[in-house]
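Before any comments, here is the structure.
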Number of protein chains: 2
Amino acid sequence: MSQSRMPSLELVQDSKVLLQKGYRVTSYDVAKRAGVSQSAVSRCFKPGASVSKKMRDRVMKAVAEMGYQPNAIARSLITRRSNLVGVILSDFTSLHYPEVLFELNHGFSNRGVHILLFTLHRERDVDEIIEQVFQYQVDGVVVAATLLPEQIDRFEERNLPLVFFNRTIQDRSVSAVCCDQAAGERLLVNALVNAGHKTFGVISGPEDSLVSVQRTAGARDRLSELGFDNVPILQGDYSYDSGQQGARELVDRFKGQLDAIICANDVMAIGCMDTLRKEFSLEIPDDISVVGFDGITPAIWSGYDLTTIRQPVKQMSEAAVDMVMDRVDNPDKVPEMRVFSGNMQNGSSARIL
Amino acid sequence: MSQSRMPSLELVQDSKVLLQKGYRVTSYDVAKRAGVSQSAVSRCFKPGASVSKKMRDRVMKAVAEMGYQPNAIARSLITRRSNLVGVILSDFTSLHYPEVLFELNHGFSNRGVHILLFTLHRERDVDEIIEQVFQYQVDGVVVAATLLPEQIDRFEERNLPLVFFNRTIQDRSVSAVCCDQAAGERLLVNALVNAGHKTFGVISGPEDSLVSVQRTAGARDRLSELGFDNVPILQGDYSYDSGQQGARELVDRFKGQLDAIICANDVMAIGCMDTLRKEFSLEIPDDISVVGFDGITPAIWSGYDLTTIRQPVKQMSEAAVDMVMDRVDNPDKVPEMRVFSGNMQNGSSARIL
DNA sequence: TTGTACGCGTTATCAC
DNA sequence: GTGATAACGCGTACAA
């Protein structure tokens, strides 16, 4: 069996090696060619290993000639580190999470870590995905989805670093990086009230989204503090359509007496704006103001120029990467939560001073 | 060393096993507990293996009690299949590719294959990424980026299945799934001309993008066939800004005599529309028509309601998955190219019959 | 049907 | 500094 290796290597005149289709060069092959031991080859790829220059040169020559590359899978098996992290995302279509994924990938790849991607199509397959994440021996996981307590338990049993992205779990200490949703909404409300808006409507996200709950509560509470009580809160689901629907209901209800609509995310705010303009011929922001939350790319398009809270995605992602890798290296660290403030992005969708 | 295993397992009263933090249960542990051989455990996880019911029950009981899950890394090492595919994406921010990634992930995960994600930040690190893809022993690769011939060679040397997504390489046979760019543009041009448009402007994508070249050429050629020669073609870069800039230049050049602008993608078309409306107070489509290409989500927002060619992303992704997996199972298959037609999505951004 | 023994390709440990 | 040798956790030919 191990002799089947012999005929698969052929020496050609320019001292390069031609490989049989699909044959994989191993450190053993390199060692044989360089006339050294296999462990010597291995050491040459280990940073800070003690290898003489002469040895290293001989090995690297053979490596170059044969196009050898270490097998990361075999390495993972022995080192018990895969340099793989799982990233679990729900609502991938939201225009916001692709940006997060991009930044996460950037941060991890800077540390030689690669992303194994999982997206949730139905919430029911979370358990299935967790199994697969475990099977691939990832070093850690970033989750932008809601996990059940039992599911979190499974990570803790394995002592597998888990960091939530913009999710917090009540009555439970977990690592998480978040944008301060409530504070962001308060900024928006302050600006709207300062500019003289009197009547407000709110369109929330799905009720099972804690982020949405926090945003909506933040807006409601600040409005209340400033003397605006009983502000109507409509239930949306983060989608463009639900933004449109919310706009229709609010306009109907207020019969033109509405000053501002506060949406729990940008996509709904955009749906809102389109409907206010198209279906009710309202001028934004002269007749009515609209604000959102997230800071997605279309928000800055001049067709919308949305006033919103931009989440510091870059910083948040970098923090998430830090936290995962930190816990990979120090398994005994306690959960930590990092909260970032969003930046007010002042567009022309709201009449603000 | 191998005895250090013993103290790490503790039996508790309900016959469940409590594991030491971070301890990994192996098939050997399960075997010991079930009183069978390790290979028996292995067989229980192999579909279609010959295992008696009694044996399977005993094993599965131990599996459940210990929370055993096969180590995919170790399995990959011996089977020489990682069930991992690399996905290499450039311009991830384009609003179009996240959707592609989502569909690819869907398709692969239906086949028990997982995605290792790579995004290009600078074009220069393609070589680096290819090395990493190889090191992780992926079973195949989907690439939505431009590779140099030498880079393609490296895949062929390894006989590693490679499928391009919306990229074709000239003078070279590679597997690829594409949308028929030229045909799509011809559909758009036909519709515009039939509706009486007389003067046209084109905004292309980056010149190193073959897709853009094909789209632009498709539009130019069809216009020429229909008697419209010397249509001005402006160089864009797929960005919103370049769409805006293109609109300004075209309007300036035509002094209000422009009937339609054909953009090489939706994002530029949207930039175009915003600028035509805001800066030139033009009515769309009454004063001027705008068409795009891709079918991104914002294109259907009523603020734009863009007339465009929607790429059949689902079908294309499914085809890419098929092609990769097909070549994984049949390494000797020759490269194949599948071309899909785009669907005309008739919005109100163009005055069309 | 089941168990034994080996190998996948690497790193770690230990003598030398 | 270098080379044997033993893991890592699993799949599988082979013998029983």
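Because the structure is predicted, anything quoted here is derived from the model rather than measured. Lettering of chains follows the sequences in order, A, B, ..., and the numbering in each one begins at 1.
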- Nearest of D:dG1, C:dT2, C:dG3 to any side-chain atom of A:S50? D:dG1

- Query: Quick one: B:M66 CE to D:dG9 P, roughly how many Å, whole number?
  - Reply: 13 Å

- Can you tell me how far C1' of C:dG7 sits from OH of A:Y28, to the nearest Å? 13 Å

- Message: Side-chain N or O of B:R80 versus OP1/OP2 of C:dG9: is the shortest distance under 4.0 Å?
- Response: yes

- Query: Taking atom C1' of D:dG9 as reference, at what distance in whole Å does atom CZ of A:R75 sit?
  - Reply: 18 Å

- Message: Can you tell whether the side chains of A:D57 and A:K61 come within less than 4.0 Å, N to carboxylate O?
- Response: no

- Query: Is the gap between the ring centers of A:F45 and A:Y68 under 6.0 Å?
  - Reply: yes

- Whole-Å gap separating P (C:dT10) and CD1 (B:I73): 14 Å

- Message: Among residues at least two apart in sequence or on other chains, which ones pass side chain to side chain contact (heavy atoms under 4.5 Å, CB included) with A:Q69?
- Response: B:E131, B:F134, B:Q135, B:R154, B:R158

- Starting at atom CG of B:D29, determine the distance to atom C1' of D:dC8, rounded to an integer number of angstrom. 13 Å

- Item | Donor + acceptor pair across side chains of A:D29, A:Y23 (<3.5 Å) | yes

- Working to the nearest 0.5 Å, report the span between CD1 of B:I78 and CD1 of A:I73. 13.0 Å

- Query: Considering only side-chain heavy atoms of B:I78, which listed nucleotide, D:dC8, C:dT11, D:dG11, is closest?
  - Reply: D:dG11

- Gap between atoms CG and C1', on B:L77 and D:dA7 respectively (whole Å): 13 Å

- Under a 4.0 Å heavy-atom cut-off, which of residues 37-47 of chain A touch DNA chain C? A:Q38, A:S39, A:S42, A:K46

- Message: Between P on C:dT10 and CG on A:N83, what's the gap in Å once rounded to a whole number?
- Response: 15 Å

- Between C:dT2 and B:S52, is there an OP1 or OP2 to side-chain N/O distance shorter than 4.0 Å? yes

- Item | Neighbours of DNA chain D within residues 132-140 of chain B, by heavy-atom distance under 4.0 Å | none

- Message: Could you tell me how far apart B:Q69 (CD) and D:dC10 (P) are, to the nearest whole angstrom?
- Response: 11 Å

- Query: Is any side-chain heavy atom of B:C178 less than 4.5 Å from a side-chain heavy atom of B:F165?
  - Reply: no

- Task: Among the candidates C:dT1, D:dT2, D:dC10, find the nucleotide nearest to the side-chain atoms of B:Y68.
- Result: D:dC10

- C:dG9 OP1/OP2 closer than 4.0 Å to side-chain N/O of A:S27: no

- Message: Within the 4.5 Å heavy-atom criterion, are B:V138 and B:V141 side-chain neighbours or not?
- Response: yes

- Query: Is it the case that B:S27 and B:Q38 place a side-chain donor and acceptor less than 3.5 Å from each other?
  - Reply: yes

- Message: Tell me whether B:R81 is salt-bridged to B:D329, with the criterion being a basic N under 4.0 Å from an acidic carboxylate O.
- Response: yes

